[in-house]
Asker: 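The structure under discussion is supplied below as structure tokens; questions concerning it will follow.
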Amino acid sequence: MHFLVEFAEEVEAEGLIQMAEEAGVRVYPVTPFWSASEACPPNLLFAGYSLLNERQIQEGLRLLKEVWAPVLEIK
């Protein structure tokens, strides 16, 4: 199972993916799964959670908020 995350149009998901990876959280670009990769919006990413328990999901979300908050202006 997974979910898609769509950011504001000016946000490039690739930078967020790199930030997440450096924090130890794996999220992925949507482009490889888009039928026409050149038409894939650059502000989408996906995250899987089916192999994680509740504690791991909560910790992953906490880490994402920590690293993305300054860039996305999250409070």
Asker: Does Val25 share a hydrophobic cluster with Phe7, counting links as ILVMFWY side-chain heavy atoms below 4.5 Å and allowing steps through other members?
Answerer: yes
Asker: Go through the steps for Glu12 and Asn43 under the test side chain to side chain contact (heavy atoms under 4.5 Å, CB included), then give the verdict.
Answerer: CA-CA 5 Å; Glu12 294 280 332; Asn43 62 331; over 6 Å; no
Asker: Below 4.5 Å, heavy atoms only, C-beta onward: do Ile17 and Pro29 meet side chain to side chain?
Answerer: yes
Asker: Show your reasoning for whether side chain to side chain contact (heavy atoms under 4.5 Å, CB included) applies to Val67 and Leu63.
Answerer: CA-CA 6 Å; Val67 298; Leu63 289 168; 5.9 Å; no
Asker: Ring centroids only, cut at 6.0 angstrom: are Phe33 and Tyr28 within range, meaning strictly under it?
Answerer: no
Asker: Between Val30 and Val5, is there a shared hydrophobic cluster once you connect ILVMFWY residues whose side-chain heavy atoms come closer than 4.5 Å?
Answerer: no
Asker: Tell me whether Leu4 at atom CG has more than 12 heavy atoms from other residues, nucleotides or ligands lying less than 6.0 Å away.
Answerer: yes
Asker: Please determine if Glu66 and Arg62 form a salt bridge, counting it only when a charged side-chain N lies under 4.0 Å from a carboxylate O.
Answerer: yes
Asker: Are the side chain of Gln56 and the backbone N or O of Asn53 linked by a donor-acceptor pair below 3.5 Å?
Answerer: yes
Asker: Side chain to side chain contact (heavy atoms under 4.5 Å, CB included) between Val11 and Leu16: does it pass, once the steps are laid out?
Answerer: CA-CA 9 Å; Val11 176; Leu16 298 176; 3.5 Å; yes
Asker: Taking a hydrophobic cluster as the set of Ile, Leu, Val, Met, Phe, Trp and Tyr residues connected by side-chain heavy atoms closer than 4.5 Å, whether directly or through intermediates, do Phe46 and Tyr49 fall within one such cluster?
Answerer: no
Asker: Give a yes or no on this: more than 12 heavy atoms of other residues, nucleotides or ligands lie within 6.0 Å of atom CD of Glu22.
Answerer: yes
Asker: Given side chain to side chain donor-acceptor pair (under 3.5 Å), test Glu14 with Gln18 step by step and report yes or no.
Answerer: CA-CA 6 Å; Glu14 195 57 44; Gln18 180 64 37; over 6 Å; no
Asker: Applying a strict under-4.5 Å side-chain criterion to I, L, V, M, F, W and Y, I'd like to know whether Trp68 and Phe3 cluster together.
Answerer: yes
Asker: Can you hop from Leu44 to Val71 via hydrophobic side chains spaced under 4.5 Å?
Answerer: no
Asker: Return the minimal non-hydrogen interatomic distance between Pro41 and Trp34, and the atom names on each side.
Answerer: CD-CZ2, 3.5 Å
